[in-house]
Amino acid sequence: MKSPELFSAGYLVQVLGSLLLVFCCILGMLYLMRRFSRGGSGNNARLAVLASASVGSRERVVLLRAGEEQILLGVAPGSVRTLHVFAEPVIVEAASTPQRPDFATILNSVNPLGPRK
């Protein structure tokens, strides 16, 4: 049996076609993941974790904002329980998310040569 020549035109077309097919499959999967995983990651998310604290080796207490309400949940492996629903907000949004400086501000603060123009 004769092995295929490594740099023949037919073999190169087959390899490039296979690479193109794999590349198209990856792009298709990325598109589908982006389209169908639209979580509440934006600033106007209706559901957000405001705070959380560990109360055991695998147990946590989590304060969620769901719409206009704030809900205190107990989370353990295999169970999530509502501990309390607050009538008034416990944490105000502006106080819970501190503003981060942008990259240029951080770079200028640590740059010994001064700010760049």
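All figures in this text were calculated on a predicted structure; none of them were measured in a lab.
In the hydrophobic cluster analysis, where Ile, Leu, Val, Met, Phe, Trp and Tyr join through side-chain heavy atoms closer than 4.5 angstrom, Val62 is grouped together with Val85.
Contacts of Gln14 classified as side chain to side chain contact (heavy atoms under 4.5 Å, CB included), with partners at least two apart in sequence or in another chain: Tyr11.
The distance from the CE atom of Met33 to the CG atom of Leu30 is 6.5 Å, given to the nearest 0.5 Å. We find the CG-CZ distance between Leu73 and Arg81 to be 12.0 Å, quoted to the nearest 0.5 Å. Annotation: the span from Leu64 atom CG to Leu72 atom CG amounts to 9.0 Å, rounded to 0.5 Å.
Judged by distance alone, with hydrogens and angles left aside, the side-chain atoms of Ser54 form a donor-acceptor pair with the main-chain N or O of Gly56 at under 3.5 Å.
At a threshold of 4.5 Å between non-hydrogen side-chain atoms, the residues Leu27 and Phe23 count as touching. Side-chain contact between Leu63 and Val49: absent, with no pair of heavy atoms (C-beta onward) separated by less than 4.5 Å.
Contact record, Leu47 with Ala66: CD1-CB, 3.9 Å, taken as the closest heavy-atom pair. Nearest heavy-atom pair, Gln70 versus Val90, reported as atom, atom and distance to 0.1 Å: OE1-N, 2.7 Å.
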